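Take a look at the structure below.
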Amino acid sequence: MDKEHEGGFAGSWWQYPVLRNALIAGMLAGVGFALAHLGVVSERTEALFYFVAIPLGGYHWGWEALESLIHERVIGIDFLMLAATVGSGILGLWDEAAFLVFLYGSAEGLEEYTYARTRSAIRALLDLAPKEAHVLRNGQEVTIPAEALQVGDRFLARPGETIPTDGVIRIGNSSLDEAAVTGESIPVDKVPGMKVFAGTLNRQGLLEIEATASFQDNTLAKIIHLVEAAQERKGQAQQWIERFGRRYSPAVLLVSVGFLLVPWLFGLPLEDWAERAVVLLVAAAPCALVMSTPVATAAAIGWAGKHGILIKGGVHLEHLGSIRVAAFDKTGTLTAGKPVVTDLITLNGSPGELLAVAAGIEHGSEHPLARAVLEKARAEGLALRSMQEFEALTGVGATAVSSDGMRWYVGSPALFEELGIPLDAVREKVQTQQAQGKTVVLVGANHNLYGLLILQDRVRDGARDVIDDLRRLGIRTVMLTGDNASTARTVAESLGLDDSLADLKPEDKVEAVKELERCYGPVLMVGDGINDAPALAAATCGVAMGAAGSDAAIEAADVALMADDLAKVPEVLRLGQTARRISWENITFSLLLLAMLIPLAVSGFLSVALVVLIHELSELLAVANGLRVGWRGAVS
């Protein structure tokens with residue numbers, strides 16, 4: 001592959017010397033051939049067209065073949081084709097040599113162009129970010145190049161404009177289309193204090209945003225960098241093919257040279273066996289085999305990157321295609337990770353009074369359950385009961401004193417048992433709610449129990465559909481959670497999971513992943529990328545959800561889902577299965593082709609022109625088949 005384009009640059013086809021020169025060489029050879037056969041020019045003049053076309057069309061890949069041999073001591077496919085071209089010329093087959101140079105150069109050029117387009121397609125995302133930003137300087141709006149934005153700058157985003165870099169909303173409300181970053185097509189409502197990402201579209205309100213990343217380091221730039229780096233990382237199949245090629249190509253050259261010895265040993269016609277040697281060089285060259293996996297891998301990783309899925313290398317894409325078990329963390333993955341108050345049970349007073357007291361106590365707490373109580377009170381439009389002397393009781397609840405001097409408590413049943421407040425009247429209700437996977441918070445004062453708040457972390461919308469989709473893919477589903485067994489069982493049954501393991505510490509999740517792999521095969525672990533990092537690392541493939549804007553989440557897993565969207569899990573598994581299947585289709589096709597062409601070449605049934613045509617068409621078929629991953633995405 002031409003060194004100029006190994007980095008993934010993709011412009012017009014005319015900017016690819018291998019392709020451009022091959023086409024010019026083909027035109028020259030075609031003109032010479034046509035003029036000679038029409039009787040316009042002599043055979044000598046026809047040969048002049050070939051003498052110009054062959055070095056022009058073969059210069060780039062021929063020179064690379066020699067460089068690989070001299071500097072790296074590697075005999076590759078380019079060298080086999082160079083030897084076949086030279087051999088054809090020695091035999092006087094100048095028209096066939098020109099045909100070889102034209103077809104091989106065209107195929108290599110098209111492959112290079114297509115591969116670079118595939119690898120660099122993700123860079124089109126950069127076009128989504130605006131070239132300018134409206135920065136506020138001393139209260140005045142100044143338009144500057146987006147590249148000049150720095151952390152701490154405040155800039156404006158008007159309706160219909162795209163956000164130039166990552167930031168936090170300071171003033172304004174709007175809804176943003178984040179499809180470019182997360183792959184989520186539904187606009188997300190944003191209020192002050194919420195993060196925004198580069199390349200997302202502001203649909204409604206005027207926003208004042210404080211930059212949290214420079215233009216060069218924003219989320220969009222990170223996605224592009226990660227995808228391009230991932231496309232360079234080779235899978236195991238590709239590594240095996242390359243190792244095979246380094247041994248196979250020299251063997252083909254050696255056998256072809258051996259063909260030249262046959263006439264001397266057995267008194268056979270030299271020209272016949274020399275032509276067979278040339279045909280073998282072309283027929284046995286493993287071009288289609290070498291291209292069987294890289295195009296499919298690059299296309300799949302590029303497609304995923306544009307849809308909010310970061311796959312960090314070809315080996316992880318291969319793993320995705322082999323998964324047999326999907327293990328999920330519960331909180332924040334299968335559930336929303338945000339408990340809500342579902343019921344109020346009063347023993348003394350009205351539900352509104354109970355909630356106002358509880359919210360008044362919890363007003364000073366940062367605990368997730370406390371925030372759920374406060375949100376419920378605000379939603380009901382209640383005035384919070386005034387409280388003083390707030391104190392968090394670690395692990396069990398909180399306490400505060402009301403304006404009339406009463407000390408109130410809100411917390412778990414264990415707290416009230418420690419306080420000596422009798423729970424006989426509500427014990428059965430508490431156990432019933434807990435058996436359903438719900439959390440029970442009690443409210444009381446002066447050794448009296450006033451009521452119960454029932455909270456629950458709701459299962460994500462669409463989670464059941466995701467589990468059903470995975471089952472259709474033939475994948476077993478398991479939940480790994482640190483919650484108690486009854487909560488785990490309730491969630492697992494509601495989702496239709498095959499199994500659930502509860503009361504697991506982080507190290508227990510690692511062992512659970514290893515045991516699942518021993519019993520069922522390759523395991524996919526899905527979590528938040530931080531708390532579940534040990535289990536993500538232990539799994540065959542780890543997937544971090546909701547990674548947008550979080551470096552830690554992106555680094556923790558083999559695959560990062562930029563959106564907090566569980567539906568991406570079967571999507572990425574289907575993509576892995578499709579890429580794996582297409583790669584093996586190409587490998588099988590390439591090996592069968594070699595098994596067919598080599599005997600025909602040895603037996604003398606193929607001409608140089610015919611074997612070149614078959615060989616290059618097969619290479620282009622392998623490339624086109626690999627590109628289907630990018631065209632079809634995760635459609636199996």
Side-chain angles (χ1 to χ4, degrees), residues 120-228 305-310 338 366 371 374-375 378-379 545-555 560-565 568:
S120 65
I122 191 70
R123 282 199 164 268
L125 289 176
L126 277 180
D127 295 335
L128 298 174
K131 302 295 185 278
E132 296 179 331
H134 310 301
V135 181
L136 296 176
R137 297 278 167 81
N138 299 319
Q140 300 295 315
E141 181 181 336
V142 180
T143 301
I144 64 171
E147 291 88 344
L149 277 171
Q150 298 297 323
V151 176
D153 284 344
R154 291 208 176 193
F155 59 90
L156 299 177
R158 294 181 172 83
E161 293 183 342
T162 304
I163 308 299
T165 193
D166 297 352
V168 175
I169 297 174
R170 294 308 180 198
I171 300 175
N173 301 276
S174 185
S175 64
L176 273 72
D177 182 351
E178 297 185 340
V181 174
T182 66
E184 176 57 62
S185 59
I186 300 174
V188 180
D189 292 333
K190 298 283 185 174
V191 298
M194 296 182 72
K195 293 180 180 180
V196 295
F197 307 114
T200 57
L201 177 65
N202 181 21
R203 298 175 66 93
Q204 294 175 345
L206 174 66
L207 298 176
E208 183 177 321
I209 301 166
E210 180 179 339
T212 57
S214 66
F215 183 85
Q216 294 78 12
D217 296 325
N218 61 45
T219 299
L220 201 60
K222 287 176 185 174
I223 291 174
I224 293 166
H225 171 73
L226 284 168
V227 170
E228 291 183 334
K306 289 188 292 185
H307 291 79
I309 303 169
L310 300 185
K338 186 179 180 181
E366 291 298 322
R371 289 197 294 270
L374 286 167
E375 287 180 8
R378 289 176 183 139
M545 286 183 55
S550 171
D551 292 339
I554 291 175
E555 292 298 325
L561 306 182
M562 303 306 288
D564 198 21
D565 184 2
K568 296 283 185 184

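The figures that follow rest on heavy atoms only: side chains count, while hydrogens, waters and symmetry mates do not. Keep in mind that this is a model prediction, so the values were computed, not measured.
Judged by distance alone, with hydrogens and angles left aside, the side-chain atoms of Glu147 form no donor-acceptor pair with the main-chain N or O of Gln216 at under 3.5 Å. Between the side chain of Thr162 and the backbone N or O of Pro130, no donor-acceptor pair lies under 3.5 Å. Using a distance-only test at 3.5 Å, with no hydrogens or angles considered, a donor-acceptor pair links the side chain of Asn218 to the main chain of Leu220. Between the side chain of Thr165 and the backbone N or O of Ser214, at least one donor-acceptor pair lies under 3.5 Å.
In Arg203, the CZ atom is not crowded: 12 or fewer heavy atoms of neighbouring residues, nucleotides or ligands sit closer than 6.0 Å.
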(message) Does Lys195 form a side-chain contact (heavy atoms from CB on, under 4.5 Å) with Asp166? I'd like the steps, not just the answer.
(response) CA-CA 7 Å; Lys195 293 180 180 180; Asp166 297 352; over 6 Å; no

(message) Please evaluate residues Thr219 and Met562 with respect to the criterion side-chain contact (heavy atoms from CB on, under 4.5 Å), reporting the C-alpha separation (whole Å), side-chain torsions for both, the decisive distance (0.1 Å), and the verdict.
(response) CA-CA 10 Å; Thr219 299; Met562 303 306 288; 3.9 Å; yes

(request) Check the pair Met545, Asp565 against side-chain contact (heavy atoms from CB on, under 4.5 Å), reporting the backbone distance first and the verdict last. (result) CA-CA 7 Å; Met545 286 183 55; Asp565 184 2; 5.8 Å; no

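Separating the CD1 atom in Ile209 from the NE2 atom in His134 is a distance of 11.0 Å, to the nearest 0.5 Å. Within the model, atoms OG1 of Thr212 and CG of Asp217 stand 10.5 Å from one another, a figure rounded to the nearest 0.5 Å. To the nearest 0.5 Å, atom CD1 of residue Ile144 and atom CG of residue Asp153 are 6.0 Å apart. If you take NZ on Lys131 and CZ on Phe215, they are separated by 6.5 Å, rounding to the nearest 0.5 Å.
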Listed pairs under 3.5 Å, donor-acceptor, residues 167-176 side chains, sequence neighbours left out:
unit_1, atom_1, unit_2, atom_2, d
Arg170, NE, Glu210, OE1, 2.9
Arg170, NH2, Glu210, OE1, 3.2
Ser174, OG, Asn202, OD1, 2.4
Ser174, OG, Gln204, N, 3.2
Ser174, OG, Gly205, N, 3.1

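For Arg158, the side chain to side chain donor-acceptor pair (under 3.5 Å) test picks out Glu141, with sequence neighbours left out.
A side chain to side chain contact (heavy atoms under 4.5 Å, CB included) with Val135 holds for exactly one of Leu149, Leu156, Thr143; it is Leu149.
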